[in-house]
Amino acid sequence: MSYKRADDILPENILEILQTYVSGEAIYVPKKKECRKRWGSSTGVNETLRIRNEQILEQHKKGASTKELASCYYLTEKSIQRILREMQVKPPMEQCGVGGDKIE
């Protein structure tokens with residue numbers, strides 16, 4: 001993230017309005033909601049977690065206990081239970097068309 005000087009990019013009237021609220025301090029202007037990316041979409045973390053969660057579900061279906069899965073994946077049993085609950089309720093992401101870059 002780079003910083004820009006407000007007086008270099010903003011019209012004088014907007015700058016004066018901002019100065020009534022914040023003067024001489026740095027502020028962050030967030031992206032518009034429609035331009036935000038989903039968490040992990042830039043790094044591929046979402047895909048990695050989806051694959052891991054599908055593996056957990058498959059191993060559980062084959063008889064692995066939540067305790068065994070927790071030990072294998074370095075998670076708590078509660079986390080394994082949550083993953084199993086979510087995976088059994090929702091179809092895998094690629095089948096339901098979810099996973100785009102924008103947050104709804």
Side-chain angles (χ1 to χ4, degrees):
M1 174 173 58
S2 64
Y3 292 95
K4 295 180 174 33
R5 288 185 54 89
D7 55 356
D8 289 342
I9 61 171
L10 296 176
E12 185 67 31
N13 61 332
I14 294 177
L15 183 59
E16 288 176 12
I17 292 169
L18 281 173
Q19 287 171 332
T20 61
Y21 297 97
V22 180
S23 185
E25 296 181 49
I27 62 170
Y28 172 73
V29 179
K31 290 182 179 183
K32 292 181 178 180
K33 286 184 181 181
E34 62 269 12
C35 297
R36 294 181 190 168
K37 291 184 177 182
R38 291 179 53 127
W39 177 87
S41 64
S42 298
T43 61
V45 172
N46 285 340
E47 181 66 11
T48 302
L49 293 177
R50 183 189 61 78
I51 291 168
R52 180 204 66 185
N53 293 350
E54 287 177 358
Q55 291 171 346
I56 289 171
L57 178 60
E58 287 305 311
Q59 290 175 1
H60 184 68
K61 285 180 179 179
K62 291 178 182 175
S65 70
T66 56
K67 187 172 187 168
E68 293 168 332
L69 292 168
S71 175
C72 179
Y73 288 95
Y74 303 100
L75 297 169
T76 64
E77 286 187 64
K78 288 285 185 187
S79 293
I80 296 294
Q81 292 167 356
R82 179 186 46 78
I83 290 167
L84 292 172
R85 186 173 55 250
E86 289 174 358
M87 293 296 291
Q88 290 172 344
V89 170
K90 299 178 190 174
M93 290 178 74
E94 69 267 4
Q95 292 179 4
C96 61
V98 177
D101 287 345
K102 294 182 181 176
I103 293 177
E104 299 293 323

So, taking the atom named CG in Asp7 and the one named CG in Leu15, what distance separates them when rounded to the nearest 0.5 Å? 6.0 Å
Please determine whether residues Tyr21 and Leu10 belong to a single hydrophobic cluster, defined as Ile, Leu, Val, Met, Phe, Trp and Tyr linked transitively by side-chain heavy-atom distances below 4.5 Å. yes
State the CG-CG distance between Leu69 and Leu57, to the nearest 0.5 angstrom. 10.0 Å
Rounded to the nearest 0.5 Å, how far apart are CE of Met87 and CD1 of Ile56? 8.5 Å
Before accepting this row, confirm whether a basic side-chain N of the pair Glu86/Arg82 lies closer than 4.0 Å to the acidic partner's carboxylate O. yes
With distance as the sole criterion, is a donor-acceptor pair present between the side chains of Tyr73 and Glu68 under 3.5 Å? no
Same cluster for Val22 and Tyr3 if Ile/Leu/Val/Met/Phe/Trp/Tyr side chains link at under 4.5 Å? no
Is the closest side-chain heavy-atom distance between Gln59 and Lys62 below 4.5 Å? no
Nearest-0.5 Å distance that lies between atom CD in Glu16 and atom OG in Ser23: 11.5 Å
Can you tell me how far apart CD1 (Ile9) and NZ (Lys4) are? Round to the nearest 0.5 Å. 6.5 Å
Looking only at atom types and distance, does a side-chain atom of Thr48 sit under 3.5 Å from a main-chain N or O of Gly44, one as donor and one as acceptor? yes
Membership question, hydrophobic clusters at under 4.5 Å side-chain separation (ILVMFWY): are Tyr74 and Ile80 in the same one? no
Evaluate the criterion side-chain contact (heavy atoms from CB on, under 4.5 Å) for residue pair Leu49 and Arg52; output intermediate values, then yes/no. CA-CA 5 Å; Leu49 293 177; Arg52 180 204 66 185; 3.7 Å; yes
How many angstroms lie between CD1 in Ile83 and CD in Glu54, if you round to the nearest 0.5 Å? 12.0 Å
